[in-house]
Structure formats: C-alpha cells, structure tokens
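Structure first, commentary second.
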Amino acid sequence: MTDLTTTTDIRLVVLDMAGTTVADGGLVERAFATAAAELGVEPGSADHADKLAYVRATMGESKISVFRHLFGAEDLAQRANAAFEEAYGGLVDGGLVAPVPGAREAIEELRADGRTVVLTTGFARVTQDAILDALGWRDLVPLTLCPADAGGRGRPYPDMVLEAFVRTKAADGVHQTAVVGDTSYDVLSGVRAGAGVVAGVLTGAHGARDLHDAGATDVLGSVADLPALLRGAD
C-alpha cells in the first residue's frame, strides 16, 4: 500500500482505457478471431488456441507488437493488426463498449481535486478515437495517447507515461505520477516510468496476484476507488 504522503502528492494520473475505464465485454478476443481468420488461422485449431492464449497473457501490450510476435513477418503482422483494428472499431461503432461503472465520475473527481488526467491505450489512434466518440469522452480529459504518440512503443515500455509527463508538465517529477491499469503490462509501464503510485484494478484482464507480481503498489476493485486512494482516505 502506498504511503499517505505519496498518494496525496500525485499531480498526474495516467489511466488505461479498455478494462480500466472502459468495459468492452471481451471485444479484444472477438476482434482477434477476425484478425486470425484473415491470416488463415483455423478457428478451434491448436494454433488458434495457442495464439489466443498469448493475446490474453499480453493484454495491455501494443497490439501491433502482439501481432509481430504471433506472425513474425512484418507484412503479416500489419495485415493482422489492420484486420483487428477494423473489427474492433466495428464492434465499438455497434455500441458494444460502455464506461466501467463510476469511471467517468472518478475522472471528474480527480480533475476537481486538481490532478491532470491522461487516457492511454495499446490500440491505434483510429480505434482510440472511436472509443472516445462512442462514450462521448472527447472533452473529458486534456490529453489521450496511443503508442504512435510516444514514438511507437506501447506497454510494457514506460514511453506513454513519460510522454504524458513531458507533454502535460503537470508534475515536478515522475514520483508525482499515478499509473492505473488492469493488466500486468500496465503496471510494468508505471514501475519502469518511476511512478509514485502504480495501481492495478480488478475490472479487466488480470487478477490481483498478477498485478502484485508485476509491481503494483496498490490493487483496487475498480478505478472508482482511485480518488479516495489519492486523497489518502481509509
């Protein structure tokens, strides 16, 4: 558990989207099935099962990085990623995403408390924008980032967290930053960035043990619990 002095000194909050602030009901796996089919991976095959297991294990990582691992050749990875983003975007446009309960209110509370909030994702910009539009969140925060905005490297690298720190100028040092996400890769990105608070939430892909093992300072039921943590409430 983070100490009181650290939590109350947080000035910048970097939040993941899918699984943390956005409930997508397993759309990543549905979109992966479309991408896999595009590259000839037979549904129900051992190859499909192995690849799906890797997708689940690496939730939070930049999607193009996942496809590079799965398919090797860059042209195949790009084809798979394009099919994935198109499929996911179509599901989003179909109304199949919603805020995690209390997420919008938590973001508004954080901002009312004087903290700067940034939303990050492992998706491409076009997909991130589709989610923001579907939820009516375009003006909810001052900055949103995807891997391309931070030089192309997504999680578990710290680049998006550090990009948020540099762009917003909200904090005097990285120790005044909180990073929050539902996957071990979210947590690793925060640890590697030197964030003062690195909180896992239990509304997405990974459980408490995985989050703690990755280095989470705190594990919360959901992002709705974050404002109280940062205020130092019991």
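In this chain, residues are counted from 1 in sequence order. Please read all numbers here as calculations on a predicted model, not as lab measurements. The figures that follow rest on heavy atoms only: side chains count, while hydrogens, waters and symmetry mates do not.
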Tell me every residue that passes side-chain hydrogen bond (donor to acceptor under 3.5 Å, both in side chains) with Asp24, counting only those two or more places apart in sequence or in another chain.
Tyr88
Tell me whether the count of non-hydrogen atoms from other residues, nucleotides or ligands lying under 6.0 Å of OH in Tyr157 goes above 12.
no
Any residue meeting side-chain contact (heavy atoms from CB on, under 4.5 Å) with Arg11, in chain and number order, not counting sequence neighbours:
Asp9, Arg115, Ala171, Gln176
Arg111: side-chain hydrogen bond (donor to acceptor under 3.5 Å, both in side chains) partners, not counting sequence neighbours
none
Let me check something: do Val179 and Val141 share a hydrophobic cluster, defined by ILVMFWY side-chain heavy atoms less than 4.5 Å apart, either directly or through other members?
no
Across all chains, not counting sequence neighbours, the side-chain hydrogen bond (donor to acceptor under 3.5 Å, both in side chains) partners of Tyr185 are none
Would you please test Glu109 and Arg231 for salt bridge (Lys or Arg N to Asp or Glu O under 4.0 Å) and show each step?
CA-CA 11 Å; Glu109 284 184 55; Arg231 289 178 188 139; 3.0 Å; yes
Does a donor on one side chain and an acceptor on the other come within less than 3.5 Å for Asp182 and Thr203?
no
So, Thr177 side chain and Gly194 main chain: donor-acceptor pair closer than 3.5 Å or not?
no
Listing, residues 208-216 side-chain donor-acceptor contacts under 3.5 Å, not counting sequence neighbours, or none:
none

Run the numbers on Asp186 and Thr183 for side chain to side chain donor-acceptor pair (under 3.5 Å), then give the verdict.
CA-CA 5 Å; Asp186 295 314; Thr183 73; 2.9 Å; yes
So, the side chain of Asp225 versus the backbone of Ser222: is there a donor-acceptor pair under 3.5 Å, distance only?
yes
Between Glu85 (side chain only) and Phe123 (backbone N and O only), is there a donor and an acceptor less than 3.5 Å apart?
no
Please answer whether the main-chain N or O of Cys146 pairs with a side-chain N or O of Asp149 as donor and acceptor at a distance below 3.5 Å.
yes
Does Ala73 have any side-chain contact (heavy atoms from CB on, under 4.5 Å) partners at least two apart in sequence or in another chain, and if so, which?
Asp75, Leu76
Sequence-distant partners of Glu105, side-chain hydrogen bond (donor to acceptor under 3.5 Å, both in side chains), two or more places apart
none
Which residues satisfy the salt bridge (charged side-chain N to carboxylate O under 4.0 Å, His left out) test with Arg104, sequence neighbours excluded?
Glu108
Of all residues at least two apart in sequence or in a different chain, which pass the side-chain contact (heavy atoms from CB on, under 4.5 Å) check with Glu74?
Arg68, Gln78
Is it possible for you to check whether Lys51 lies under 6.0 Å from the centre of the six-membered ring of Phe32, through NZ or CZ, and within 45° of that ring's axis?
no
Quick one: list whatever passes side-chain contact (heavy atoms from CB on, under 4.5 Å) with Ala199, sequence neighbours left out.
Val180, Val197, Asp218, Leu220
Hey, could you give me each pair passing side chain to side chain donor-acceptor pair (under 3.5 Å) that has a residue in residues 25-39? Not counting sequence neighbours.
Glu29-Arg56
Is there a donor-acceptor contact under 3.5 Å linking the side chains of Arg125 and Thr144?
yes
Identify, with sequence neighbours excluded, every residue that meets ring pair (Phe, Tyr, Trp, His ring centres under 6.0 Å) alongside Phe165.
none
